[in-house]
Amino acid sequence: MMSATLGELAVQFGCTLRGDPDVVVDHVATLESADRSALSFLANNKYRTHLATTKAAAVVLDAASVDDCPVAALITKDPYVIYARIAAILHPPTLPRAGAHASAVIARSALIDNTAEIGACVVIGEHATIHEDVVIAPGCVIGNHVAIGRGTRLMANVSVLDGTMIGERCIINAGAVIGSEGFGFAPGSEGWVKVPQVGRVIIGNDVEIGANTTIDRGAIGDTVIGNDVKLDNQIQIAHNVRIGDHTAIAACTGISGSTTIGKNCMIAGQVGITGHLSICDNVVITGKTMVSTSIHKPGVYSGSLHAEEARRFRRNAARFTQLDELAKQIKRGNTASGLPADDADA
């Protein structure tokens, strides 16, 4: 852990400080558990009841909450973001320990920067390139012709398969599989015929990939993950999917092949997205929504219905989209006949 004074933090992050600038904080904690050397924050009104009794050295919050704060305050318009940035300073990642563990198996043609850390039982394939300050934790498998950019960290047992390109400052959490074969089979007269998956996975800078998430390589072209994309645990991304910069996707979402998702999207947990469609920039999709058609207009989208026979479902789904207009027609008809409008709503 590191430490900093409140005065230093206020100057660095443009906060207004109410309190002693010489107070030192050295870790972060919740409002309930914080002690006299901890920094906490308030960004959600659900936790406001804990503010009055907090023992924190200081709290990051907005101007509307400062009068309820019994301790020092760092006042900002966006307390959660500022808290996150301060937490990164107080709890920095460990620095790479340069060198390779004796049990690592590294191909002679691989290029490993001398600042990189290669953990126990790591396997690195032919012509792989590992740049400066990369950390590869124990048990990882790095395929042939893989490139991993500066400052990227792979946690334990990550598999990065042939041809994958990973940018700078990425974090790939335990058990993720990147560049595995996509689910490609052609139905033949004698059964399924496997379609070779010959593309790659291209990952931008500052991407985070959750534990046990899988990203398939392209069937012909590439699967592409843009800069600053954040992927939660246990997400499935199929071949040739493209995800735009700054998009965040929560756990257990599945994205079928050849779908394009735009920039600055937010996709909640357990969303299912069918293949060969397009989602534009600035779309929010709520939890457990099924997306089966392209989305061309920014906004918030929801929808999930129980399973039934497909033809019946399609008819009902089409009618569902007409319900609002039908309700308005009924209301207009009742009003014209002299019936109260509430009868139509009933």
Please step through side-chain contact (heavy atoms from CB on, under 4.5 Å) for the pair V134 and D113, ending with a clear verdict. CA-CA 8 Å; V134 167; D113 190 273; over 6 Å; no

Side-chain heavy atoms nearer than 4.5 Å, only ILVMFWY residues, links allowed to pass through others: does that put [X] and [Y] together?
{"X": "L231", "Y": "L161", "answer": "no"}
{"X": "I106", "Y": "L154", "answer": "yes"}
{"X": "I89", "Y": "Y83", "answer": "yes"}
{"X": "I235", "Y": "I209", "answer": "yes"}
{"X": "V146", "Y": "I171", "answer": "no"}

For V60 and L39, what are the C-alpha separation, side-chain angles and deciding distance, and is it a side-chain contact (heavy atoms from CB on, under 4.5 Å)? CA-CA 8 Å; V60 183; L39 181 83; 3.9 Å; yes

Is [X] reaching over with its side chain to a backbone N or O of [Y], donor-acceptor style, under 3.5 angstrom?
{"X": "D26", "Y": "S3", "result": "no"}
{"X": "E8", "Y": "T5", "result": "yes"}
{"X": "T54", "Y": "L51", "result": "no"}
{"X": "R217", "Y": "Q197", "result": "yes"}
{"X": "E117", "Y": "R97", "result": "yes"}

Heavy-atom neighbours of [X] [atom1] exceed 12 at 6.0 Å:
{"X": "M290", "atom1": "CE", "answer": "yes"}
{"X": "K263", "atom1": "NZ", "answer": "no"}
{"X": "Y47", "atom1": "OH", "answer": "no"}
{"X": "Y80", "atom1": "OH", "answer": "no"}

Between T115 and E132, does a side chain to side chain donor-acceptor pair (under 3.5 Å) hold up when you go through it step by step? CA-CA 5 Å; T115 63; E132 60 268 32; 5.8 Å; no

Verify side-chain contact (heavy atoms from CB on, under 4.5 Å) between I279 and T260, making sure each step is shown before the conclusion. CA-CA 6 Å; I279 297 172; T260 297; over 6 Å; no

What I want to find out is whether E181 reaches K194 closely enough, with some N-O distance under 4.0 Å, to be called a salt bridge. yes

Grab the two heavy atoms, one from L90 and one from A4, that are nearest each other, plus how far apart they are. CD2-N, 4.2 Å

Looking only at side chains, do [X] and [Y] share a donor and an acceptor under 3.5 Å apart?
{"X": "D78", "Y": "T76", "answer": "no"}
{"X": "S256", "Y": "T259", "answer": "no"}
{"X": "D216", "Y": "S180", "answer": "yes"}
{"X": "D162", "Y": "H145", "answer": "no"}
{"X": "R48", "Y": "S65", "answer": "yes"}

Would I118 and I136 satisfy side-chain contact (heavy atoms from CB on, under 4.5 Å), going step by step from the backbone distance to the final call? CA-CA 5 Å; I118 311 300; I136 302 179; 3.8 Å; yes

